[in-house]
Amino acid sequence: MGLLQIGGKAKEKCAGRVVGIDLGTTYSLVAQVVDGTPRPIADPEGHFTLPSVVWYGPNAELEVGRQAQAKAGERSDRTIASVKRFMGRGQAESHKADELTPYQFASDREGQVVYFKLGDKKVTPLEVSAEILKVLRARAEEALGGPLEGAVITVPAYFDDAQRQATKDAARLAGLTVLRLLNEPTAAALAYGLDQKKQGLFAIFDLGGGTFDISVLKLEDGVFQVLTTGGDSRLGGDDFDRAIAEHFLKEQGVEPATAAPAVAARALAAARGAKERLTDAELTDLVIEGKTVSLTRAKLNELITPVLRKTAGPVRRVLKDLGLEGKDLDGVVLVGGSTRVPAVRAYVAELFGQKPLSDLDPDQVVALGAAVQADLLGGSNPRSDVLLLDVLPLSLGLETMGGVVEKILHRNQTIPAVAQQEFTTYADRQTGMDFHVVQGERELVADCRSLARFKLSGLPPMGAGMARIMVTLAVDADGILDVSAEEGTTGTRASVQVKPSYGLDDETVEKMLLESFEHAQDDVDQRLLIEAQVEGRRIAAALDRALAEDGVLVSDAERASLLKAQAALLEAVANKGTAVILERTKQLDELSAEFAVRRMNRSITQALEGRSAEGM
């Protein structure tokens, strides 16, 4: 497994005007490296953070950031916030029927591309994100005195291919050249490790406005190696706000699921403000539908605890991956604005058995790390003593006969990564193969996420099992997957870049790993049964073909014996378990061995007929 060397050709392309961008759920930032130190870039008013909010006016007006935030209360029907939660998702994943939301949605015919309905206008999450990135780009170009040469943009470690592709497309729409998509925990570790000169094993607990990541990294002599990662791409501070808002709306007799978008927007904004004030205060007031109510920190903790507990599952899984307990780590680094909440810090301390580290501003640390990475890739003072080693969050593989998954690239494998595996045809004279790419930890396709399908055509018509098709899966440093297949004798080739049009929903992300542990033995047993059934049917079909072509080579008694064994095998395939199928497959194989030898001899004899030894 090769190391990812940071450096090389990218540095020759860029003249130093490179930045790191944290495209966040609640706030976004842009940072640069100055004299070897990463620093956030401020707007003309001195603000480092840009609220990730966009307002679309009725006459093509557009506001981004604080100006858009100011209009949200009165014009919530035209204001989009927390767009990151919707990147790369379809309509069903974007809005649950029982969830408080200030948005109205539309979608394409297949329900795979979601749109926000803003009066007579529709915009995609990609377009909204691009507007945020345009403002950050303009801010950076003003500070650096010229056009940007490139940017490193951070994404949650648990973003899947669709969400990563949507982020890259939004950046391109904003006129940015993406040097790299960098996982947020890795960016935080990069900023923290270089700033503090730390060594050892560190957990990065990253709870932002809309996403949660937990990664364990090893920092040693300039090497940043992600050992394992987990999380939930739809869990964050927005869920705290929703819990608070829903509680008080119900107290006012308003059903959250049926609340008008304007009511939902005002309630969520009030809840967010109260949550932020309670970081330092013990009591605050908020206005819900015209009524002022009080909220204590104790009540806040009670309301958000069910949400906060959802972080425990991913944390325990990543520690289990490494065979460690929280107390075995050298530190736990807090990242993301939601980790400012006192209850979050207390819960993290409880989960890991140690007080978390918060030396760097949790709102800025990801952008600072992205700036360091951008400088490594394309800055004017590149370093050659830093290696970044990131990993795959979930396994990738192909569907094989019987709906079984053949994993080719495995979870927690270092990226970029390439792996190959050889496959063959199932039927005689098969001239094409359909490939189904899947993602997940289970043994059967039905229990995994479908990513893409493609076809390899033009195969030479050979006997079953004779063709040799080499399939290659390659994941680049951005976590984007390419799949190709090539037949050995003719060089016939087909490939696909996996660009699913929507992402994993949050339940699926959570369930994939849990179910892989809970059903591990059942999955293995089911896989073995399916493989035995497939092989049994193949041998039975092969016997039918052999008897049809060379039946004269067996006596009536031999034919009867073979057909009896074949019937017993097919009966086992239909009604029996793995052991019985394997035993009857072996029996038919042994009974047909002499017949196979006769067929081979006859084939050789026919090939040699009419050819003299001299001609040979």
Side-chain angles (χ1 to χ4, degrees), residues 4 6-7 10-11 13-25 27-43 47-50 52 84 129 132-144 146-157 159 164 167-168 170-172 174-195 204 206 208 211 213 215 217 224 226 333 335-337 360-383 386-388 390 477-479:
L4 166 55
I6 303 301
K11 293 171 186 164
K13 295 183 193 174
C14 301
R17 286 196 294 271
V18 295
V19 295
I21 293 176
D22 175 12
L23 181 61
T25 305
Y27 294 102
S28 296
L29 295 90
V30 58
Q32 65 177 128
V33 171
V34 180
D35 298 328
T37 302
R39 297 176 183 173
I41 300 174
D43 66 13
H47 300 295
F48 292 122
T49 58
L50 174 72
S52 301
K84 186 173 178 176
S129 294
I132 297 168
L133 289 170
K134 286 177 185 177
V135 172
L136 295 175
R137 173 188 150 206
R139 181 190 296 185
E141 289 180 342
E142 177 70 22
L144 296 176
L148 290 182
E149 301 289 344
V152 169
I153 300 179
T154 61
V155 292
F159 258 22
R164 290 171 188 268
T167 302
K168 290 189 80 171
R172 284 193 285 268
L176 289 165
T177 298
V178 180
L179 298 176
R180 174 95 22 104
L181 293 182
L182 181 65
N183 285 346
E184 289 166 4
T186 310
L190 191 56
Y192 185 86
L194 291 182
D195 183 73
I204 312 297
D206 183 357
T211 58
D213 281 320
S215 297
L217 297 92
F224 294 75
V226 180
V333 179
V335 179
L360 298 179
D361 186 331
D363 282 324
Q364 296 184 8
V365 64
V366 169
L368 297 178
V372 172
Q373 169 73 327
D375 196 53
L376 291 171
L377 287 172
S380 55
N381 296 299
R383 298 176 53 147
V386 177
L387 297 174
L388 282 185
D390 232 325
D478 295 328

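Small disclaimer: the values here were computed from a predicted structure and weren't measured.
Under the side-chain hydrogen bond (donor to acceptor under 3.5 Å, both in side chains) criterion, Thr211 pairs with no residue at all, not counting sequence neighbours. Remark: Ser28 pairs with Leu23, Ser52, Ile132, Leu136 by the side-chain contact (heavy atoms from CB on, under 4.5 Å) rule, at least two apart or across chains. By the side-chain hydrogen bond (donor to acceptor under 3.5 Å, both in side chains) test, Thr25 pairs with no residue at all, sequence neighbours left out. For Glu142, there are no side-chain contact (heavy atoms from CB on, under 4.5 Å) partners two or more places apart in sequence or in a different chain. In this structure, the side-chain contact (heavy atoms from CB on, under 4.5 Å) partners of Ala42, at least two apart in sequence or on a different chain, are Phe48. Asp43 meets the side-chain contact (heavy atoms from CB on, under 4.5 Å) test with Glu45, His47, Arg66, Arg139; sequence neighbours excluded.
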- Message: Between Leu50 and Val30, is the side chain to side chain contact (heavy atoms under 4.5 Å, CB included) condition met? List the steps.
- Response: CA-CA 9 Å; Leu50 174 72; Val30 58; over 6 Å; no

- So Val19 and Leu148, side chain to side chain contact (heavy atoms under 4.5 Å, CB included) or not? Walk me through it. CA-CA 8 Å; Val19 295; Leu148 290 182; 3.8 Å; yes

- Are Asp213 and Ile204 close enough, and set up right, to give a side chain to side chain contact (heavy atoms under 4.5 Å, CB included), and what steps lead you there? CA-CA 8 Å; Asp213 281 320; Ile204 312 297; over 6 Å; no

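Ion pairing between Glu141 and Lys134 fails under the 4.0 Å rule for side-chain N and carboxylate O.
Ile21 approaches Ala151 most closely through the heavy-atom pair CD1-CB, 4.2 Å. Contact detail for Ser129 and Ala170: the closest heavy-atom pair is CB-CB, 3.9 Å. Scanning all heavy atoms of the two residues, the minimum distance from Pro38 to Val372 falls at CG-CG2, 3.8 Å.
Here the CG atom belonging to Asp363 is positioned 7.5 Å from the OH atom belonging to Tyr27, to the nearest 0.5 angstrom. In this structure, OG1 in Thr37 is found 10.5 Å from CG in Asp375, a value given to the nearest 0.5 Å. Note that CG of Asp361 and OG1 of Thr49 are 9.0 Å apart. Values are rounded to the nearest 0.5 Å. Between the CG atom of Leu190 and the CG atom of Asn183 there is a distance of 12.5 Å, given to the nearest 0.5 Å. Atoms CG and CD1, from Leu182 and Ile153 in turn, are 11.0 Å apart once rounded to the nearest 0.5 Å. Considering OG1 of Thr154 and CZ of Arg180, their distance stands at 13.5 Å, rounded to 0.5 Å.
Taking the side chain as every heavy atom from C-beta outward, Val335 and Pro362 never approach each other to under 4.5 Å. Looking at heavy atoms from C-beta onward, Pro40 lies out of side-chain contact with Gln32 at the 4.5 angstrom threshold.
Using modelled atom types, no side-chain atom of Glu149 and backbone atom of Val18 make a donor-acceptor pair closer than 3.5 Å. In this structure, the side chain of Arg17 does not engage the main chain of Leu144 through any donor-acceptor pair within 3.5 Å.
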